[in-house]
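Let me begin by presenting the structure, written as structure tokens, before commenting on it.
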Amino acid sequence: MHSSALLASVELAIYDLILKSSTSVCEDTIQKLKEIREIEKENPIQLSQIDLMLDNIEYGHSNQIPLCQDTGHINLFFQIGSNFPLVSNFKEISLRVLKKLTAESLIRPNSVDPITQINEGFNGGENMPPIYIDIIPNSSDLVITAMNKGGGSENMSKLFMLPAATGIHDFIPKIVEQMKFAGGKPCPPTILGIGLGGDASKCMLLAKKALLRPLGAHHVRKDVAALEVKLLQQINDLDIGIMGLGGHSNCLDVRIEVAMRHPATFPVGLIVECYCHRTESCRITSLGKITFGKLNSKFIFEEDQ
């Protein structure tokens with residue numbers, strides 16, 4: 001396939017991805033919210049909030065309008081097959097798409113200079129948008145994932161540099177303490193991504209990447225999966241509730257990713273996501289065919305059925 005035609009497919013795919021991620025949430029998230037509705041059906045305040053959430057999700061999806069006034073920072077993850085015939089300036093393509101979507105009022109201009117406070121008005125600018133690239137051996141495809149990361153939940157994210165000798169015992173109380181402090185600020189019920197190990201930047205990236213896993217899909221390592229279950233239980237024991245209105249429906253899921261660490265450090269990254277979990281993936285073949293789907297628990301693309 002000619003490179004210009006393949007580039008056009010990439011640009012179209014990114015546009016459709018961000019449109020989908022801004023106007024819909026993952027089906028597994030909807031199912032979790034419905035499970036919480038059953039739990040809270042005898043509590044009128046919590047029930048009214050969960051019904052508003054579900055109605056809002058349905059309305060946004062049906063009318064192709066943003067689910068939330070905060071359309072977030074658009075994070076883009078590129079998994080490039082080692083045999084994919086095109087490696088191009090994905091940032092340039094992404095910026096063109098962001099400018100178009102912002103002009104069409106499908107995403108809000110959410111990129112502000114930290115010094116001048118100037119908003120360029122197109123969701124771009126210096127070192128934006130966040131783009132992450134992995135090379136996938138023995139693949140001829142390009143997989144792109146978009147995630148809308150809202151500001152309210154992002155404010156509750158945190159990096160912990162724990163004592164190397166006691167970090168594994170300290171990290172759960174630290175996460176629980178942070179979520180207790182967060183209360184209703186991140187629009188609970190939340191989804192937590194956690195990175196254990198690596199260095200300060202690696203653990204935060206792992207925490208963000210963990211959010212791309214399906215809800216309820218535990219880590220393949222049993223010891224890590226046990227930590228996910230323990231954390232979820234302890235966070236849901238807090239009296240926070242839906243939108244901070246009291247109760248124990250505080251967190252939909254906890255996902256942990258791990259990396260080897262330096263023996264003198266124990267970094268832990270926490271990325272907090274609100275209930276409005278907005279992420280979409282697509283695959284582009286070397287012939288430019290686009291299919292949409294999701295990443296599975298091993299971050300492998302699976303086509304929508």
Side-chain angles (χ1 to χ4, degrees), residues 10-11 13-26 29 66-80 89-102 106-112 114 119-120 122-136 142-159 186-187 190-195 198 200-215 253 255 257 269-284 292-296 299 301:
V10 171
E11 188 162 335
I14 295 173
Y15 180 94
D16 287 344
L17 267 183
I18 298 173
L19 178 60
K20 284 167 69 69
S21 66
S22 297
T23 60
S24 61
V25 304
C26 306
T29 305
L67 297 169
C68 177
Q69 52 83 23
D70 179 7
T71 52
H73 270 153
I74 310 299
N75 287 250
L76 293 168
F77 300 80
F78 291 85
Q79 296 171 293
I80 307 172
N89 189 343
F90 293 125
K91 181 177 181 180
E92 181 181 320
I93 298 171
S94 301
L95 283 172
R96 283 203 302 269
V97 172
L98 289 174
K99 287 178 180 179
K100 180 175 174 59
L101 285 163
T102 309
L106 292 169
I107 54 176
R108 188 178 73 180
N110 274 346
S111 188
V112 179
N119 188 329
E120 299 289 348
F122 65 94
N123 280 290
E126 192 168 357
N127 289 315
M128 291 299 289
I131 291 176
Y132 309 97
I133 294 177
D134 285 322
I135 305 298
I136 309 302
L142 169 64
V143 173
I144 309 173
T145 300
M147 180 172 69
N148 300 51
K149 193 65 185 67
S153 57
E154 186 72 7
N155 283 338
M156 297 300 107
S157 299
K158 198 171 182 66
L159 168 67
C187 297
T190 54
I191 303 166
L192 305 187
I194 296 171
S201 57
K202 181 67 173 181
C203 73
M204 293 301 286
L205 177 56
L206 286 173
K208 182 174 283 188
K209 187 177 178 181
L211 292 173
L212 304 180
R213 279 167 42 194
L215 267 66
D253 202 13
R255 293 87 163 266
E257 291 295 317
L270 169 66
I271 301 288
V272 182
E273 179 78 298
C274 68
Y275 82 92
C276 196
H277 184 43
R278 297 163 291 179
T279 179
E280 294 285 341
S281 299
C282 74
R283 176 175 57 206
I284 306 173
F292 290 90
K294 291 287 188 295
L295 300 184
N296 65 20
F299 305 104
F301 176 83

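Here the structure is a predicted model, which means the values were calculated and not measured. What you see below is based on every heavy atom in this structure, not just the backbone, and it leaves out hydrogens, waters and symmetry mates.
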Quick check: do [X] and [Y] have side-chain heavy atoms less than 4.5 Å from each other?
X      : Y      : value
Leu67  : Arg278 : yes
Leu295 : Arg213 : no
Pro129 : Leu98  : yes
Lys209 : Glu257 : no
Ser24  : Glu280 : yes
Thr145 : Leu212 : yes
Ile107 : Phe122 : no
Tyr275 : Thr190 : no

Does a side chain donor of either Tyr132 or Lys208 reach within less than 3.5 Å of an acceptor in the other side chain?
->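 Distance-only check passes for Tyr132 and Lys208.
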Between Ser22 and Asn148: side-chain donor-acceptor atoms closer than 3.5 Å |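 Their side chains do contain a donor-acceptor pair, which is all the 3.5 Å distance test asks for.
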Ring-face cation contact, Phe292 with Lys20, 6.0 Å cut, 45° max =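 Output yes; distance and angle both within limits.
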Of all the heavy-atom pairs spanning Gly152 and Asp70, show the shortest one and how long it is.
->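 Closest approach of Gly152 to Asp70, heavy atoms only: N-OD2, 4.2 Å.
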Exactly one candidate in Leu206, Leu215, Ile271 meets side chain to side chain contact (heavy atoms under 4.5 Å, CB included) with Arg255; the answer is Leu215
